[in-house]
J.: 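Pasting a structure here, questions to come.
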Amino acid sequence: MQQTFEHLLGLPTQTALALLTAAGIHEVQVVPTAAPPRRNPGPQDAQRSDKGEEEGYASTRVVSVRDDGHTLIVSRFLVDSPLLRNGPAQSS
């Protein structure tokens with residue numbers, strides 16, 4: 001019987017991996033989505049990176065689970081921005 005893993009969708013990758021390990025599922029492959037680059041990147045696209053994730057601007061989340069939990073498809077989402085943290089620039 002194939003298990004379902006809908007409860008992992010949307011979770012941060014590390015949280016999903018911890019839940020799978022607790023369920024006895026090991027050797028999980030994490031595969032990032034391969035979306036094409038944007039034609040006209042915006043200023044916030046720089047935060048959608050490894051550095052942006054370290055700084056809390058982006059989060060890699062589970063978007064699909066395959067192979068009975070042995071493959072996680074993940075995508076990086078923008079979850080914060082400097083504008084939200086600092087507020088709009090003040091004009092004098």
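When reading the values below, keep in mind they use all heavy atoms of this one structure, side chains included, and skip hydrogens, waters and symmetry mates.
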J.: Using atom types as modelled and distance alone, determine if a side-chain donor or acceptor of T71 lies under 3.5 Å from a backbone N or O of D67.
T.: no
J.: Any donor-acceptor pair under 3.5 Å linking the side chain of H70 with the backbone of Q29?
T.: no
J.: Do you know the tightest heavy-atom contact between T13 and R61?
T.: OG1-N, 4.1 Å
J.: Is it true that the side chains of T60 and E53 contain a donor and an acceptor less than 3.5 Å apart?
T.: yes
J.: For residues V63 and S75, report the shortest heavy-atom separation together with the two atoms involved.
T.: CG1-CB, 3.9 Å
J.: With rounding to the nearest 0.5 angstrom, report the CD1 to OG1 distance, I73 to T33.
T.: 8.5 Å
J.: What's the shortest heavy-atom distance between G56 and D80, and which atoms?
T.: O-CB, 3.6 Å
J.: Which atoms form the tightest heavy-atom contact between V79 and S59, and what is the distance?
T.: CG1-CB, 3.9 Å
J.: When rounded to the nearest 0.5 angstrom, what distance separates CG in D68 from CZ in F5?
T.: 6.0 Å
J.: So how far is it from S49 OG to E54 CD, rounded to the nearest 0.5 Å?
T.: 8.0 Å
J.: Just do the side chain to side chain contact (heavy atoms under 4.5 Å, CB included) check on L20 and L8 with the steps written out, would you?
T.: CA-CA 9 Å; L20 289 169; L8 300 178; 3.7 Å; yes
J.: For G69 versus I25, what's the shortest heavy-atom pair and its separation?
T.: O-CG2, 3.7 Å
J.: Step by step, work out the side chain to side chain contact (heavy atoms under 4.5 Å, CB included) result for R76 and D50.
T.: CA-CA 9 Å; R76 186 173 283 147; D50 289 339; 2.7 Å; yes
J.: L72 versus R66: any side-chain heavy-atom pair under 4.5 Å?
T.: no
